[in-house]
Amino acid sequence: MKKEIVLLSIAISFLGAEPSAFELQSGATKKDLSTLQSNNKNLQHIATDVQARLEIVEQTQDGLKSLVEGQNLKIKQLVDENNALKNHISSLQAQIEVGQEQSRDQSETIDLLKVQTLSQQDEIKRLQEAIKELNEVVVKNNDEMLQQLELFTKFLTEKKQTLENSNKNSIEGAKIIEQDEDEDLQKDHQTLFIDAKNAINKKDYKKAEKILFFLIDKKFRIAESYFMLGDIAYSKKEYQVAVGLYKQSFALDEDAVYMPVLLWRTAWSFKYLKDIKNYERFTDILVKLYPKSEQAQKILELKYKEKRKHDEHDRK
């Protein structure tokens, strides 16, 4: 279009030139020439106006071009920002997914902890009930405890009397016994305690009793010493005395590691004494307080066998 406008301007300029001699001889009048010149001037004005407009159009195009370039730059910036936002959104989504996964894991952990807590609460409740029952048994058997203590006192008195009678046999014999006792009890308390255990294993109950009474008098491992004296009485089938000694040990240390054995032998002492009610009480307490102990497993096995035997008897 620009090229066509330039050609038009050149043509108009030729038209606006002075008439040649040939034109003057062609018979054209001055009026015609004047009209032609006037038209030429109009065309020149039009061409000038068109040229001016063309320049304006060119300037406008340049402005539009700059504007387009600016807009393209802004578009590019917006595209870059949009891509950055997309990447940020993707990163946030990944973080959210990781967070959701962690939240699920934490939720599962919390659920597991809740289950464990409930289980522990049930275990605590069960132990509390068992301890309550045990305390009830102890309270209900206060009179029996006094009887056992009386028997135990009698047992100690008899032992003391036996030693005194033995000492009265002869002065020389008394000196020998005193000398032997002094030699046996000259060791430190822990060594004496081990000696008492070894004596029980060898069934030398007299020596073990002498050491254990000495340790009780010295207030060394009193609860366990009573327990070991109870085992000696139990081994000698002195079940009434054994029960008293076991109860004395229990009263001094309810959390002793040997407590399952103590409860087991106390229960069997009652059974041998034909006190089935106390036998069942102490076996129930043993199972409730120490369900994973070897003694509790034995009790459960015995009860299972008794139940099967009873069921078979009923079927017959």
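We use all heavy atoms of the structure for the numbers below, so side chains are in, but hydrogens, waters and symmetry mates are not. Residue indices begin at 1 and follow the sequence shown.
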Consider only side-chain heavy atoms of I, L, V, M, F, W and Y, link residues closer than 4.5 Å, and tell whether Leu302 and Leu286 are in one cluster.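 They do share one cluster, since a chain of ILVMFWY contacts under 4.5 Å joins Leu302 to Leu286.
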Co-membership, hydrophobic cluster, residues Tyr226 and Ile194, 4.5 Å side-chain: no
With side-chain hydrogen bond (donor to acceptor under 3.5 Å, both in side chains) as the test, would you mind laying out the steps for Arg221 and Gln190 before giving the verdict? CA-CA 9 Å; Arg221 301 183 74 162; Gln190 182 60 32; 3.3 Å; yes
Are the side chain of [X] and the backbone N or O of [Y] linked by a donor-acceptor pair below 3.5 Å?
X	Y	result
Gln297	Pro291	yes
Asp49	His45	no
Asn83	Val79	yes

Give the C-alpha distance, both sets of side-chain angles, the deciding distance and a yes or no for side chain to side chain contact (heavy atoms under 4.5 Å, CB included) between Leu212 and Ile232. CA-CA 11 Å; Leu212 292 171; Ile232 292 173; 4.1 Å; yes
Run the numbers on Gln95 and Leu92 for side chain to side chain contact (heavy atoms under 4.5 Å, CB included), then give the verdict. CA-CA 5 Å; Gln95 293 177 5; Leu92 289 176; 3.9 Å; yes
Exactly one of Tyr279, Tyr239, Tyr234 clears ring-ring contact (aromatic ring centres under 6.0 Å, His included) with Trp268, and that residue is Tyr279
Nearest 0.5 angstrom please: [X] [atom1] to [Y] [atom2], how far?
X	Y	atom1	atom2	result
Phe270	Tyr246	CZ	OH	12.0 Å
Thr266	Phe250	OG1	CZ	9.5 Å
Arg53	Thr60	CZ	OG1	12.0 Å
Leu229	Ile200	CG	CD1	7.5 Å
Glu224	Ile222	CD	CD1	12.0 Å
Gln240	Glu238	CD	CD	11.0 Å

Closest heavy-atom contact between [X] and [Y]?
X	Y	result
Ala242	Gly230	CB-O, 3.6 Å
Leu192	Lys187	CD1-O, 3.5 Å
His189	Leu215	O-CD2, 3.9 Å
Ile216	Ser225	CG1-CB, 3.6 Å

Look at atom NZ of Lys303 and say whether more than 12 heavy atoms of other residues, nucleotides or ligands are closer to it than 6.0 Å. yes
Side chains of [X] and [Y]: closer than 4.5 Å at any heavy-atom pair?
X	Y	result
Lys207	Asn198	no
Tyr290	Gln295	no
Met228	Phe193	yes
Ser249	Tyr258	yes

Between Asp231 and Lys197, is there a salt bridge with N-O shorter than 4.0 Å?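 Result for this pair is no, no salt bridge flagged.
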Pairs in or reaching into residues 69-81: which pass side chain to side chain donor-acceptor pair (under 3.5 Å), with residues at least two apart or in two chains?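 Only Lys76-Asp80 qualify under side chain to side chain donor-acceptor pair (under 3.5 Å).
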For Lys277, all residues meeting salt bridge (Lys or Arg N to Asp or Glu O under 4.0 Å), sequence neighbours excluded: none
